[in-house]
2 protein chains.
Amino acid sequence: MDPSDATPSAELGFDVFAARCTSRATMETITSRWGALTLAALADTPMRFGELRRRIGGVSEKMLSQTLKQLEAGGLLTRTVVSETPLAVEYALTDAGQQVAAAIMALIDTVYRVQPAVDEARSA
Amino acid sequence: MDPSDATPSAELGFDVFAARCTSRATMETITSRWGALTLAALADTPMRFGELRRRIGGVSEKMLSQTLKQLEAGGLLTRTVVSETPLAVEYALTDAGQQVAAAIMALIDTVYRVQPAVDEARSA
DNA sequence: CGGCATCCGAATGGATACTG
DNA sequence: CAGTATCCATTCGGATGCCG
């Protein structure tokens, strides 16, 4: 069997097409509006809250905070208090987070590649 | 420069981190709740509406219909009326859609790979 | 079969103000 | 700096009914 096959009943028994599979929840977390961008932003280097906020155009504090919590709960990133006064917190990807982020980066690259075609389709 | 680098100002000038870049809209369309699953479902073979609906656990008719329209508008898939009576419509990925779907499949495989760690993190 | 139109409650998400 | 709390508008998304 092709190891890159993502059809149902993959080697490990997960199936994103099944509504109740836990992998579905993970998929929704990482492909959420800000989840993917947050992971991509942290792919290169750990960042602080404010840095992330400036880097990801259009996120509100609320959404970034919420997204970070979800990713942390899923074990994709860690939250570390670097300094108390002034308060400084650093967010960094875990191993699992790095793997997912790499896949997200590849997806983003693909988007860049097809974007001219997409723009063309929309204007037509 | 690493060609797989997805940081801002990639070779083609797109930047998903910029709120107004058209690539951001594309990213949101394909990473939307049902967009990613729809593309993945069509990666192997074209499908009819009902087949897609049954394949993607939990989609409502309304949402699937809406998602298909968005993907079609972005030139990622085509809608073809195969038969009039009874009405039969087939959805198939375009070249651009195939490229994106391949990246989504890779992401799904990555999710499967890290899912045990994610489940572990959530239960802990 | 493959939709679209409408209604409506629930969830999402932004702006603003405030806190340790 | 790094959030939290609140308010409010928009959107999501299921249910229902109808149509070609």
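Quick note on labels: first sequence line is chain A, next is B, and so on, each numbered from 1. Remember, predicted model here, so these are calculated numbers, not experimental data.
- Checked against side chain to side chain contact (heavy atoms under 4.5 Å, CB included), A/R113 has the following partners two or more places apart in sequence or in another chain: A/D109, A/T110, B/Q99.
- Not a single donor-acceptor pair under 3.5 Å links the side chain of B/Y112 to the backbone N or O of A/S23.
- For DNA chain C, the contact window with chain B, defined by any atom under 4.0 Å from a protein heavy atom, covers C/dC1 to C/dC7 in 5' to 3' order.
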Distance-only donor-acceptor pairs under 3.5 Å for side chains of residues 71-85 of chain A, two or more places apart:
from	atom 1	to	atom 2	distance (Å)
A/T78	OG1	A/A92	O	3.3
A/R79	NE	A/Y91	OH	3.4
A/S83	OG	A/P86	O	2.7

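- At the heavy-atom level, A/R33 lies under 4.0 Å from the strands shown only through sugar-phosphate atoms.
- Note that the CH2 atom of B/W34 and the CG atom of B/L52 stand 12.5 Å from one another [nearest 0.5 Å].
- Against DNA chain D, the stretch residues 58-68 of chain A makes heavy-atom approaches under 4.0 Å through A/E61, A/K62, A/S65.
- Inter-axis angle, ends of the helix from C/dC1-D/dG20 to C/dG20-D/dC1, five pairs per end, rounded to 10 degrees: 50°.
- Sorted by residue number, the members of residues 77-91 of chain A with any non-hydrogen atom under 4.0 Å from DNA chain C read A/L87.
- Residues A/A19 and B/G57 share a closest heavy-atom pair of CB-O, 3.7 Å.
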Under 3.5 Å, side-chain donor or acceptor atoms of residues 59-67 of chain B against the rest of the protein: list the pairs with distances, not counting sequence neighbours.
from	atom 1	to	atom 2	distance (Å)
B/S60	OG	B/M63	N	3.1
B/T67	OG1	B/M63	O	2.8

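- In this structure A/E28 satisfies the side chain to side chain contact (heavy atoms under 4.5 Å, CB included) test together with A/R24, B/R33, sequence neighbours excluded.
- Nucleotides of DNA chain D with any atom under 4.0 Å from a heavy atom of chain A span, from 5' to 3', D/dC1 to D/dC7.
- For B/A40, the side chain to side chain contact (heavy atoms under 4.5 Å, CB included) partners are A/F17, B/I104, B/M105, B/I108, not counting sequence neighbours.
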Exercise answer: donor-acceptor pairs, residues 117-124 of chain B side-chain atoms, under 3.5 Å, sequence neighbours excluded:
from	atom 1	to	atom 2	distance (Å)
B/D119	OD1	A/T22	OG1	3.3
B/D119	OD1	B/Q115	NE2	2.9
B/D119	OD2	A/T22	OG1	3.4
B/S123	OG	B/D119	O	3.3
B/S123	OG	B/E120	O	3.0

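- The distance from the OG1 atom of A/T38 to the CD1 atom of A/I56 is 3.5 Å, given to the nearest 0.5 Å.
- Here the side chains of B/V100 and B/L93 are not in contact, with every heavy-atom distance at 4.5 Å or above.
- To the nearest 0.5 Å, atoms CG (A/L42) and CG (A/L39) are separated by 7.0 Å.
- Distance CD1/B/I30 to CD/B/Q70: 12.0 Å, rounded to 0.5 Å.
- With a 4.5 Å cut-off on side-chain heavy atoms, B/T26 and B/F14 do not count as touching.
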